[in-house]
Engineer: 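Have a look at this one before I ask anything.
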Amino acid sequence: MIEVQHLEKTIGKTTILKDISFTMEAGRMYGIIGPNGVGKSTLIRLLSGVESPTSGEVRLEGRTADSYGRKELAKWLAVLQQGGLASAGFNVREVIMMGRFPFQNWLGEEKKDVEALIDDALAAMGLLELQHRRIDELSGGERQRVALAKVMVQEPRLLLLDEPTTYLDIGYQVQLLDTVKSWQRERSMTVVAVLHDLNLAAHYCDELLVLNEGCVEAFGPPSMVVVPELIQRVFRARAVVLPHPATGVPQLLLQPGETF
Amino acid sequence: MKLKLFMYGGAALLLLAASIVISLSIGSSGLPINDVWGILVHQLPWMDGGAGQWDAGSIAIVTELRLSRILLAILVGACLSLAGAGFQGVLRNPLADPFTLGVASGCSVGAAFLILFGYQTVVGIWSVPIVAFFTGIIALVIVFALARARGVMNIETLILSGVIVQAFLGAFVTFMVSLSQGVVNEIMFWLLGSLSARGWEHSQVVLPFLIVGLPILLRYAQPLNLFVFGERHAAHMGINVERTKLIVLITSTLLTAAAVSIAGVVGFVGLVVPHMLRLLVGPDYRILIPLSAIGGGIYLLWADTLARMALSPKEISLGVVTALIGAPFFAYLLYRRKVQQGGSS
């Protein structure tokens with residue numbers, strides 16, 4: 001699904017990413033983790049094809065990401081951006097309908113009847129009661145659910161999430177990731193998510209890619225990646241790793257003091 | 001969406017028709033309404049032209065003066081209002097408008113140069129709007145360059161840059177006026193924005209720009225809707241952002257150039273009309289753009305009727321009327337933005 005080879009990205013005079021290579025397979029959920037400012041969002045932008053690499057290449061289903069037309073790519077690749085939706089005068093239903101843009105003609109019409117699709121997405125994100133409310137009347141968490149519902153109706157094969165749980169209460173963080181996960185399984189979609197919560201990442205992702213100083217520090221299943229030595233090296237935080245009592249997934253407990 | 005468009009569109013067209021009827025019936029010559037309509041009816045192709053019943057002067061007042069001027073007011077208003085909607089959509093800036101961005105002043109430099117030095121028809125009747133378009137684009141590029149800091153354009157900074165460029169170019173145009181040999185009074189009138197002493201041939205210059213510009217903006221209405229969540233969001237949704245920006249900016253500037261080269265700098269039309277419509281019909285550009293064209297026509301028709309009737313028989317310039325309405329409106333928008341920002345931070 002995704003092949004990245006010797007990817008390098010320089011913005012201004014700063015090299016954000018240097019020599020990154022990895023392969024991600026279809027139908028799996030991947031997490032990208034790493035300290036702040038390490039280039040996680042830049043990597044997502046390169047994967048989505050809106051930016052071109054300084055050198056190296058990103059291949060999506062065999063073709064370089066920037067060789068696709070924008071509309072062509074939007075028919076199967078969706079991105080949930082960091083920070084959620086801005087204020088706008090549109091109501092919830094209208095915003096979710098925008099997710100169908102890649103399939104519409106210039107009047108905003110398409111052959112397929114999408115009302116049922118919209119209703120499903122509204123129901124899945126618990127937005128049915130809010131559907132006629134204006135976006136600028138909603139809370140940050142509600143807007144993030146609208147953003148996810150909008151991405152759902154786009155029916156992508158590849159979904160890129162950039163810190164989707166920021167601004168969400170812990171309840172909604174779990175709910176959002178549960179939704180993405182079950183949806184990923186149902187449609188055997190590929191998901192790549194930048195996550196800052198390592199414990200959630202370990203639970204939901206099949207494999208984790210650790211970025212550090214513009215390079216791939218580690219790439220593998222959570223049991224391989226979430227280990228004290230690596231956490232210490234990459235995040236400079238002392239931690240204890242324990243299996244989750246219910247699921248057995250490795251979970252991190254931070255240990256205060258003696259940081260350096 | 002379609003039903004809404006037909007409903008509002010139909011209502012707007014009715015309002016436009018009513019406005020035309022009223023505006024046509026009043027004027028400084030004191031011609032009775034019966035005669036106005038009698039003359040008009042007789043102008044229909046299968047009628048005799050009414051030459052026997054009315055004197056040539058009255059016929060000329062109705063057809064050459066009022067009717068042509070009404071049409072021109074509608075066309076110029078539609079152009080400016082569409083341009084405003086286009087600028088606001090693509091820049092995601094509610095304060096943008098041909099006037100506040102300095103584009104109108106940019107256009108006026110080119111137009112004034114040709115008019116003042118008598119080159120109006122170097123390459124036919126299109127000379128003025130085409131040169132105005134290029135100077136308008138240059139002004140826009142300068143405004144963007146001034147406003148852009150680290151790749152980001154702040155809403156207020158952009159408008160401030162527009163005001164700076166506008167002040168400079170305005171002075172430049174006045175300077176050119178001082179140099180010219182022409183009748184200063186008439187040129188000053190054009191500078192302030194006016195539709196007086198214009199005829200059918202001027203409508204013929206503006207109309208093609210509207211015929212080209214309106215469908216282009218309509219085509220980009222849905223992409224403009226998606227711009228509301230930011231350019232990168234639009235790119236993720238499958239929009240070619242750079243191309244959309246370029247085409248909408250060029251089309252809006254072209255519409256501005258057409259309006260300015262005929263009517264001078266008539267300010268704030270593109271600011272007032274789309275905003276009023278947003279309050280009425282919501283933010284959807286698929287409805288907003290066609291209605292802006294009609295609404296701009298209605299608005300400018302009334303502004304011009306006011307301009308020619310308020311101090312009748314003396315005329316005040318159209319730009320004065322639109323500024324008297326538009327500037328307080330602009331202040332209100334600025335104030336509301338401040339309140340909203342204060343509330344959210």
Side-chain angles (χ1 to χ4, degrees), chain A residues 11-12 41 44-45 47-51 66 68-91 93-95 97-110 132 134-136 140 143 146-147 150-151 153-154 156 158-162, chain B residues 1-6 88-89 92-94 150-151 155 215-245 247-248 274-275 277-290 336-337 340-341 343-345:
Chain A
I11 298 175
S41 294
I44 288 284
R45 284 204 293 279
L47 291 183
S48 72
V50 291
E51 274 181 30
D66 44 14
Y68 288 98
R70 291 258 33 113
K71 205 159 181 172
E72 192 187 354
L73 200 54
K75 285 180 179 165
W76 60 271
L77 185 158
V79 183
L80 189 63
Q81 266 175 264
Q82 195 173 8
L85 299 172
S87 273
F90 291 99
N91 71 30
R93 199 178 175 90
E94 286 166 339
V95 170
M97 186 65 114
M98 285 182 188
R100 294 302 296 172
F101 176 79
F103 308 93
Q104 291 169 341
N105 67 13
W106 65 276
L107 262 177
E109 293 164 335
E110 61 178 310
H132 297 299
R134 281 162 51 123
I135 283 286
D136 34 17
R143 280 190 206 177
V146 175
K150 178 164 120 351
V151 164
V153 301
Q154 212 177 329
L158 172 60
L159 175 63
L160 306 178
L161 306 168
D162 193 355
Chain B
M1 202 288 287
K2 264 189 175 161
L3 184 70
K4 207 173 163 187
L5 179 58
F6 281 126
Q88 284 153 24
R92 293 189 294 128
N93 187 334
R150 278 168 265 121
I155 289 181
I216 294 179
L217 289 183
L218 271 178
R219 156 70 182 76
Y220 283 97
Q222 184 71 341
L224 286 182
N225 283 339
L226 288 141
F227 262 66
V228 82
F229 296 123
E231 288 182 12
R232 200 144 70 78
H233 169 266
H236 288 319
M237 293 310 301
I239 291 167
N240 192 326
V241 171
E242 291 309 315
R243 193 171 65 197
T244 304
K245 274 167 70 178
I247 290 176
V248 174
H275 266 283
L277 289 169
R278 263 189 210 104
L279 293 177
L280 209 63
V281 304
D284 191 336
Y285 276 96
R286 289 172 297 172
I287 298 174
L288 213 49
I289 283 178
R336 215 183 50 178
R337 255 188 72 75
Q340 278 175 351
Q341 283 183 335
S344 67
S345 65

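Hydrogens, waters and symmetry mates play no part in the numbers below; they use all other heavy atoms, side chains included. What you are looking at is a predicted structure, and each value in this text was computed from that prediction instead of being measured. Chain letters run A, B, ... following the sequence lines, proteins first and then strands; every chain starts at 1.
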Engineer: With only heavy atoms counted, which part of A/Lys75 is less than 4.5 Å from chain B, the side chain, the backbone, both or neither?
Structural biologist: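 Interface part for A/Lys75: neither.
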Engineer: A/Val95 versus chain B, heavy atoms under 4.5 Å apart: side chain, backbone, both or neither?
Structural biologist: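 Interface part for A/Val95: side chain.
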Engineer: On a heavy-atom basis, which atom in A/Gly89 and which in B/Pro283 lie closest, and how many Å separate them?
Structural biologist: C-CG, 3.5 Å
Engineer: Relative to chain B, which segment of A/Leu73 carries a heavy atom at a distance below 4.5 Å: side chain, backbone, both, or neither?
Structural biologist: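 No part of it gets close to chain B.
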Engineer: Let me know if B/Ala235 has heavy atoms under 4.5 Å from chain A in its side chain, its backbone, both or neither.
Structural biologist: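 Both the backbone and the side chain of B/Ala235 come within 4.5 Å of chain A.
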Engineer: For B/Lys2, which residues count as a side-chain hydrogen bond (donor to acceptor under 3.5 Å, both in side chains) partner, sequence neighbours excluded?
Structural biologist: A/Glu109
Engineer: Using non-hydrogen atoms only, which part of B/Arg286 is less than 4.5 Å away from chain A: side chain, backbone, both, or neither?
Structural biologist: side chain
Engineer: For chain B, find which of A/Gln104, A/Lys71, A/Gln81 contributes the most heavy-atom pairs closer than 4.5 angstrom.
Structural biologist: A/Gln81
Engineer: With sequence neighbours left out, what residues match B/Tyr285 under side-chain hydrogen bond (donor to acceptor under 3.5 Å, both in side chains)?
Structural biologist: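 With neighbours one apart ignored, the set is B/Arg278.
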Engineer: Search all heavy atoms of A/Pro102 against all heavy atoms of B/Met237 and return the closest pair with its distance.
Structural biologist: CG-O, 3.5 Å
Engineer: Among residues at least two apart in sequence or on other chains, which ones pass side chain to side chain contact (heavy atoms under 4.5 Å, CB included) with A/Leu158?
Structural biologist: A/Met1, A/Ile2, A/Leu60, A/Trp76, A/Leu77, A/Leu160, A/Thr190, A/Val192
Engineer: What is the distance from atom CZ of A/Arg70 to atom NE2 of B/His236, rounded to the nearest 0.5 Å?
Structural biologist: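 Interatomic distance, A/Arg70 CZ to B/His236 NE2, rounded to 0.5 Å: 7.5 Å.
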Engineer: Using heavy atoms and a sub-4.5 Å threshold, report which of residues 222-234 of chain B line up against chain A, by residue number.
Structural biologist: B/Gln222, B/Pro223, B/Asn225, B/Leu226, B/Val228, B/Phe229, B/Arg232, B/His233
Engineer: Heavy-atom pairs under 4.5 Å with chain B: which of A/Arg45, A/Arg134, A/Glu94, A/Glu51 has the most?
Structural biologist: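 The residue among A/Arg45, A/Arg134, A/Glu94, A/Glu51 with the greatest pair count is A/Arg45.
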